[in-house]
Amino acid sequence: MQNNLHIFNSLSRKKELFRPLHPPFAGIYVCGPTVYSDTHLGHARPAITFDILFRYLQHLDYKVRYVRNITDVGHLENDADEGDDKILKKARLEHLEPMEVVQKYMDTYHRNMEQLNVKGPSIEPRASGHIIEQQMLIKELLEKGYAYIVNGSVYFDVKKYNEKYEYGKLSGRVLDELQSNTRTLEGQDEKRNPFDFALWKKAAPEHIMRWPSPWGEGFPGWHLECSAMSYKYLGEVFDIHGGGMDLQFPHHECEIAQSTAAHEKEPVRYWMHNNMITINGQKMARSLGNFITLDQMFSGNNPLLKQAYSPMTVRFFILQAHYRSTVDFSNEALQAAEKGLQKLMKGIETAGKLKPSAASTVNIDDLREKCYSAMDDDLNSPILLSHLFEAVRIVNSVSDGSAKLDEKGIASLKDLLNVFTFDILGLKNESAGKEDEELTGNLMNIIIDLRKDARGKKDFAASDKIRNELNKIGIILKDKKDGVDWERNPI
RNA sequence: GGUCGGUUGACCGAGUGGCCAGGUAGCGGUCUGCAAAACCGUGUACGGCGGUUCGACUCCGCCACCGACCUCCA
C-alpha cells in the first residue's frame with residue numbers, strides 16, 4: 001500500500017513518511033481522558049486531531065486499530081506518597097462510589113464526542129479492567145531489575161533504566177538536569193530517586209479503590225496502564241502513539257521506559273502530540289480554573305461565552321488551526337468560524353444543484369491533488385480548508401455562470417467536497433433538517449399575517465387564494481375570534 | 001533557573017528565500033425595483049536591531065515580549 005502521508009514525529013522532531021509496520025494494518029494508541037470531571041474544550045483537541053488521523057488512514061484503505069483508553073483508576077493528584085487518586089477524591093466529594101463517578105463522566109465524554117462527530121475508537125480499554133495485565137508488566141519489570149519494592153509499593157528505577165537506555169529522549173530531557181531541577185515534594189522518602197515513579201501503590205486503609213497483588217493490596221500507577229493496554233491490543237511495537245503535548249513529560253516518557261524495559265524494544269514508531277487550546281494566551285486547564293466545558297460551549301452557559309456555539313462550529317474552529325499550534329479561544333474567532341462553516345455548507349448544498357455545461361473551464365483534478373497534499377503534509381487541516389473554500393468558490397462561480405463544468409467535472413467537484421469535508425474532516429451539516437419545525441412555524445406566522453393584511457384591505461381574492469393553496473398542500477387554516485390557528489391535515 | 005516553542009494585516013490563522021494562503025470584518029464594483037446572497041477588485045501583514053544574499057517575513061546573531069513543559073493537566 002502506497003501513501004505519501006508525512007507526520008511529524010515528536011521523537012525525531014521531523015516530518016517522516018508514514019510507513020506502518022504491518023501494512024495494510026495500522027495501529028494507533030491515544031491517551032484518553034481521566035474521567036473525574038466534565039469534558040472541556042481542551043479534550044476536544046486530541047479527540048478531533050486523532051479522529052482526523054483515524055479517518056484519513058481509513059480513507060487511504062488502511063485497516064486501522066485505534067485504541068483510546070479511559071483512565072478510571074490510578075491517576076494521582078501528584079507523585080507524592082499521599083497523593084490522592086483523582087477519581088477517589090471526587091467520589092468522596094460527591095458521596096458516590098468511584099465507579100459512579102467514572103460512569104457519569106465517561107457518559108458525558110461519550111455524549112460530547114458524539115456531538116462533535118468524533119468516531120469511537122476500535123477499542124476503548126479501561127485501566128480498571130486491566131489490573132492483571134498491569135501486574136504482569138510489574139512482575140516483568142521486577143524480574144528484569146528495573147523496579148523495586150518498598151513497603152508494599154513498587155517503583156520504577158529510572159537511574160537503572162538510564163544505564164542501558166535513554167530516559168528523556170522524547171521530551172529532550174537529560175537525567176542529570178532532572179535530578180538537580182526536581183522540586184522537593186513531601187513524602188518521597190520511599191523512592192530511591194525523586195524522578196522514580198510509582199508502578200503500584202500500597203492502598204491506605206481508607207482507600208476504597210484497591211486490588212490484591214503479590215505486593216499487598218493497592219492500585220496501579222498512572223503511567224502503567226498505557227504501557228499494559230497498548231501492549232495487549234497493539235503488541236510490543238506499534239505504529240502511532242498520540243496525546244496532548246502536556247503528556248509528553250512525564251507520562252509518555254515513563255511509558256517508553258516501562259515498555260522498553262519490559263520488552264527490550266522501542267514501543268512506538270511515530271509519536272504525535274497535539275498542542276493546547278489557550279484562553280487569553282494561557283492554557284485552558286481544569287487546574288487553572290479557566291476552562292469551558294463542552295456542554296457550556298454548546299449551550300452558551302458560561303460567563304466567557306457571548307453565545308452558544310454548535311458542535312460543528314467548535315470542530316471547524318479547531319480544524320482551522322494546525323494541530324501542533326496553540327489555538328487561542330475568543331468569541332470573535334468562534335463567530336468567524338461559525339460564518340465560515342456556514343459558507344462551506346451552503347457551498348456544498350449549491351454544488352448539488354449545478355447544471356452541467358458542454359465543457360469545463362476549471363480543473364478539479366488539480367484541486368483534488370492539492371487537498372491530498374495538504375492532508376499528507378502532517379494533517380494540515382487549515383490548508384485543506386483553504387482548498388475547500390476554493391472549491392466553494394468554483395461552485396458559486398459555476399452557479400452564477402462565470403465558470404463552467406461538464407457533467408464529469410460537477411460529479412468530481414461534489415465528490416471532492418463530500419469526501420474531504422464529511423469523510424475526512426468529519427464535519428456535518430447541522431442546519432439540514434434541524435430547525436424545520438421552528439422554521440415551519442415562523443413561515444406560517446408570516447403567511448397568516450399576509451392573509452390578515454389582505455382581509456383587512458378586503459382583498460378576499462388574495463386571502464382565499466392563500467387559504468386554498470395551503471389546503472392543497474395539506475394545511476388547514478381556522479379563523480377564530482382571537483386569531484388564526486393552523487394544523488396539518490392528516491391525510 | 002533549565003528545556004522547548006511562539007511573536008504574521010481590524011480579528012483568527014497558514015506558509016514560503018524572489019509569485020497566491022484561507023476564514024471573518026471593512027471598502028469599491030457587478031448583479032438586483034430595494035435588500036440579501038454570489039461574483040470581481042481592494043488594503044504598503046510579517047516583534048526590534050544587525051548580518052548573510054542580486055533578493056528575507058522566510059537563513060544567522062543579538063535583544064524584547066509571550067507561552068508550554070520541568071508537579072496533576074488533553
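All values derive from a computational prediction rather than experimental measurement. All values below were derived from every heavy atom in this structure, side-chain atoms included, with hydrogens, water molecules and symmetry-related copies excluded. Letters go in sequence order (proteins before strands), and every chain restarts at 1.
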Colleague: Kindly indicate, with the supporting measurements, whether the criterion ring pair (Phe, Tyr, Trp, His ring centres under 6.0 Å) is fulfilled by A:H43 and A:F291.
Modeller: CA-CA 10 Å; A:H43 291 106; A:F291 66 92; 8.7 Å; no
Colleague: Without decimals, in angstroms, what is the distance between A:Q248 CD and B:rU3 C1'?
Modeller: 11 Å
Colleague: Any salt bridge between A:K346 and A:E349, counting N to O under 4.0 Å?
Modeller: no
Colleague: Looking across every strand, which nucleic acid part, if any, lies under 4.0 Å from A:H251 by heavy atom: base, sugar-phosphate, or nothing?
Modeller: nothing
Colleague: When you look at A:N275 and A:S325, which way does the side-chain hydrogen bond (donor to acceptor under 3.5 Å, both in side chains) test go after all the steps?
Modeller: CA-CA 6 Å; A:N275 215 319; A:S325 304; over 6 Å; no
Colleague: Between atom CG in A:L385 and atom C1' in B:rG23, what is the gap in whole Å?
Modeller: 9 Å
Colleague: Provide, to the nearest angstrom, the distance between the NE2 atom belonging to A:H387 and the C1' atom belonging to B:rG23.
Modeller: 14 Å
Colleague: Within a reach of under 6.0 Å around OH of A:Y105, are more than 12 heavy atoms found that belong to other residues, nucleotides or ligands?
Modeller: yes
Colleague: Considering only the P atoms, how many Å lie between B:rG51 and B:rU8, rounded to the nearest integer?
Modeller: 25 Å
Colleague: What is the distance, to the nearest angstrom, from the CZ atom on A:R173 to the P atom on B:rG2?
Modeller: 14 Å
Colleague: How close do A:A198 and A:Y155 get, counting heavy atoms only, and between which atoms?
Modeller: CA-CD2, 3.6 Å
Colleague: Applying a 3.5 Å limit to both distances, which nucleotide forms a Watson-Crick or G-U wobble pair with B:rG67?
Modeller: B:rC4
Colleague: OP1 or OP2 of B:rA25 versus the side-chain N and O atoms of A:K339: is any pair under 4.0 Å?
Modeller: yes
Colleague: With a non-hydrogen cut-off below 4.0 angstrom, is A:L334 in contact with a base, only sugar-phosphate, or nothing?
Modeller: nothing
Colleague: Between B:rA21 and B:rC46, how many Å separate the two C1' atoms, rounded to a whole number?
Modeller: 13 Å
Colleague: How close or far is atom P of B:rC4 from atom CD of A:E253, stated in whole angstroms?
Modeller: 14 Å
Colleague: Need to verify one output field. Residue with the more 5' nearest nucleotide on RNA chain B, A:D377 or A:E390?
Modeller: A:D377
Colleague: Given that both distances must come in under 3.5 Å, which nucleotide forms a Watson-Crick or G-U wobble pair with B:rG33?
Modeller: none
Colleague: Return the 5'-most residue of the pair A:A44, A:S171 with respect to RNA chain B, ranking by each residue's nearest nucleotide.
Modeller: A:S171
Colleague: So, A:R55 and A:D51, do they make that salt bridge, N to O below 4.0 Å?
Modeller: yes
Colleague: Below 3.5 Å between N/O atoms, which protein atoms pair up with nucleotides 33-39 of chain B? Just atom names and distances, please.
Modeller:
residue : atom : partner : partner atom : Å
B:rA38  : O3'  : A:N396  : ND2          : 3.2
B:rA38  : O2'  : A:D400  : OD2          : 3.0
B:rC39  : OP1  : A:N396  : ND2          : 3.2
B:rC39  : O4'  : A:D400  : OD2          : 3.3

Colleague: Show me the protein contacts with nucleotides 11-14 of chain B, counting only N or O atoms at under 3.5 Å.
Modeller:
residue : atom : partner : partner atom : Å
B:rG13  : OP1  : A:D328  : N            : 3.1
B:rG13  : O2'  : A:Q320  : O            : 3.3
B:rA14  : OP1  : A:H322  : N            : 2.8
B:rA14  : OP1  : A:S325  : OG           : 2.9

Colleague: Tell me whether A:E390 is salt-bridged to A:K370, with the criterion being a basic N under 4.0 Å from an acidic carboxylate O.
Modeller: no
Colleague: For B:rC27 versus B:rA68, give the span between their P atoms, rounded off to a whole number of Å.
Modeller: 38 Å
Colleague: Please report the shortest heavy-atom distance between A:D72 and A:A127, naming the atom on each side.
Modeller: OD1-N, 3.4 Å
Colleague: Between B:rG18 and B:rG1, how far apart are the P atoms? Round to whole Å, please.
Modeller: 38 Å
Colleague: Could you work out the separation of B:rG23 and B:rU30 based on their P atoms and round it to a whole Å?
Modeller: 23 Å
Colleague: So, are A:E266 and A:K169 salt-bridged, with charged N and O less than 4.0 Å apart?
Modeller: yes
Colleague: So A:M245, base contact, sugar-phosphate only, or nothing? Heavy-atom distance under 4.0 Å.
Modeller: nothing
Colleague: With a 6.0 Å cut-off (strictly less than), is the heavy-atom count around NZ of A:K428, excluding the residue itself, greater than 12?
Modeller: yes
Colleague: What is the distance, to the nearest angstrom, from the NZ atom on A:K86 to the C1' atom on B:rU71?
Modeller: 10 Å
Colleague: Find the distance A:M276:CE to B:rG6:P and express it as a whole number of Å.
Modeller: 16 Å
Colleague: Taking atom P in both B:rA25 and B:rC12, what distance in whole Å separates the two?
Modeller: 15 Å
Colleague: Let me know the distance between CD of A:Q335 and P of B:rU24, rounded to the nearest Å.
Modeller: 13 Å
Colleague: Roughly how many Å apart are B:rG47 and B:rU58, using the P atom of each and rounding to a whole number?
Modeller: 8 Å
Colleague: Just call it for A:G42: base, sugar-phosphate, or nothing, with non-hydrogen atoms closer than 4.0 Å on any strand.
Modeller: base
Colleague: Paired with B:rU42 by Watson-Crick or G-U wobble geometry, both distances under 3.5 Å: which nucleotide is it?
Modeller: B:rG26
Colleague: Got a salt bridge between A:K90 and A:E100, using NZ or NE/NH1/NH2 to carboxylate O under 4.0 Å?
Modeller: no
Colleague: Given the P atoms of B:rG28 and B:rC69, what is the spacing between them in whole Å?
Modeller: 46 Å
Colleague: For B:rC62, what is the paired nucleotide under Watson-Crick or G-U wobble rules, both distances under 3.5 Å?
Modeller: B:rG48
